[in-house]
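Report on the following structure.
Because only heavy atoms are used, hydrogens play no part in the values below, and waters and symmetry mates are left out as well, while side chains stay in. Here is the naming used below: chain letters follow the sequence lines, and residue numbers restart at 1 for every chain.
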Protein chains: 2
Amino acid sequence: MSSEAHLELGPSSLTDALYESIRKRIVNGEIPQGEKLTEVRLATEYNVARPTAKAALERLTGVGLLRRTAHKTAVVPVLDEAEIRDLFFSRITIEKAAVSALAATGEVPADAARAQVAIEYAARDRLFENQVDADISFHTALVAAVGSRRLSRMHELIIGEVHLSMGQYKAHRKVDPSTVASEHAAVLEAIAAGDPAAAADHLAHHLEQAEARLLSTLPQTRS
Amino acid sequence: MSSEAHLELGPSSLTDALYESIRKRIVNGEIPQGEKLTEVRLATEYNVARPTAKAALERLTGVGLLRRTAHKTAVVPVLDEAEIRDLFFSRITIEKAAVSALAATGEVPADAARAQVAIEYAARDRLFENQVDADISFHTALVAAVGSRRLSRMHELIIGEVHLSMGQYKAHRKVDPSTVASEHAAVLEAIAAGDPAAAADHLAHHLEQAEARLLSTLPQTRS
DNA sequence: TAGGACGAAATTGTTAGACAAGAATGCACG
DNA sequence: CGTGCATTCTTGTCTAACAATTTCGTCCTA
């Protein structure tokens, strides 16, 4: 790994750019679970002042992508089975509410349909990382389509950790893309049919499957 | 208002103490809606350095108790009708999930029962602020009893804004405490009876009433 | 050799001062 | 009376430094 990272142009604030860059490296698994991130290390790597690095770390801690306690250095969290279960319980709560609300209107969000297509392309080309990103986009688009700022904010918290765990365990994952595609399609169909209960059921089933797939890749707790 | 505020002893970190102090002043309505909070003002008021004040403001922004955009000063948000509706939609989503889960176990959380009593005492003594705090505690206890760290974190986001709006509009509120008490009691009874659907229904009804009570205190949008 | 205590190094928390850049305000001029 | 410019306010970022706390390695002792 290079000793210096560079920030893409774009975000107005330097802290924003730093936050976004580190966030991507964490959710992609580039920075592995358990790794410690000190303020000075990041500051020197990115050529920014320590307070700037500190601010980025604090924001990442706020969204659950880092953990730290007072005077201790931030680490990328290691999600064990109990935490993954809690994560998916919370996720199902939010996303069920989202698809129910969408089904009540009967309109399938265009962004979600587009993401669904992107997943298939990525799967065909064996681009695992793109496939994960597209899957995240699909679920995020569903929630965003509800139009509730607060629901989206809560979902952002959750989906960040989901992204983290998918990225961290990617080496072990062997998921049949067509299975995911059909599960997604079932949800969209129920939304189009205007059937909230069916949409919620299909979504819950899909997420339970996703949870099981993720749990099966977890390293066994050694005796 | 005094030109200097003092921090209570307790929280380990200075930033934590500052965050907590400002948070309380906002949710109690002591700092009114629309008020601007500049970094230097807080820094001088509390006798801390500007970066410390900045950190506290950023954390408050992160939980929705302040709003700010780049280079602009933070302000206490003014929640209009649409935002209150969104707030309660999100709140109902989270709390329904919580009471359903609790009813599945059939155990009434002790903390919630205690908070229920505290509400009655506060109402009897006409201590409005305590009444609000106890009500918040009741709902927070319900969610906390589920034992899901992430559900509690999401709820914290929501309940903060709920607290804010209750505190800001308190002058206009005239709520019958016994009504609230009986609505709460219905939820607890359904949990004790182990009936998830009934618990969710009673809770939704209670929160819809609370939403309506809050909306009725909103100043009319002038033509 | 194993264990614990002590001390040094690393890391974070907080402060001060400074400068640049963007936003808001008011005044002057057309 | 309205518009544009300049001043002022406020935030974003940096450098430097010290205090407080944690961590780690070493050394001494049993």
Between the CZ atom in Arg23(A) and the CG atom in Leu164(A), the distance rounded to the nearest 0.5 Å is 10.5 Å
Side chain of [X] only, please: which of [options] is the nearest?
| X | options | result |
| --- | --- | --- |
| Ala49(A) | dG12(D), dT14(C), dT15(D) | dT15(D) |
| Thr73(A) | dT13(D), dT22(D), dT12(C) | dT12(C) |
| Glu39(B) | dT11(C), dT11(D), dC14(D) | dT11(D) |

Just the rounded figure in Å: distance from [atom2] of [N] to [atom1] of [X].
| X | N | atom1 | atom2 | result |
| --- | --- | --- | --- | --- |
| Arg50(A) | dT14(C) | CZ | P | 11 Å |
| Glu58(A) | dT11(C) | CD | C1' | 14 Å |
| Leu14(B) | dT12(C) | CG | P | 18 Å |
| Tyr46(B) | dG13(C) | OH | C1' | 19 Å |
| Asp16(A) | dT13(D) | CG | P | 8 Å |

**Asked** Within the pair Thr52(A) and dC14(D), is there a side-chain N or O less than 4.0 Å away from OP1 or OP2?
**Response** yes
- Task: May I ask you to verify if any side-chain N or O of Ser13(A) is less than 4.0 angstrom from the OP1 or OP2 atom of dT11(D)?
- Result: no
Looking only at heavy atoms, the pair that brings Ala210(B) and Phe88(B) closest together is CB-CE2, 4.0 Å
In short, Val48(A) meets Ala53(A) closest at the heavy-atom pair CG2-N, 4.3 Å
| said: Could you walk me through whether Val40(B) and Arg50(B) satisfy the side chain to side chain contact (heavy atoms under 4.5 Å, CB included) test, starting with their C-alpha distance in whole Å, then the side-chain angles of each, then the deciding distance to 0.1 Å, before giving a yes or no? | reply: CA-CA 6 Å; Val40(B) 285; Arg50(B) 186 161 74 96; 3.8 Å; yes
Result for 5'-nearest mapping on DNA chain C, choosing between His71(B) and Arg68(A), is Arg68(A)
DNA chain D nearest-nucleotide lookup for Lys72(B) and Lys36(A): closer to the 5′ end is Lys72(B)
Walking DNA chain D from its 5' end, the first of Ala70(A) and Lys54(B) to be reached, judged by nearest nucleotide, is Lys54(B)
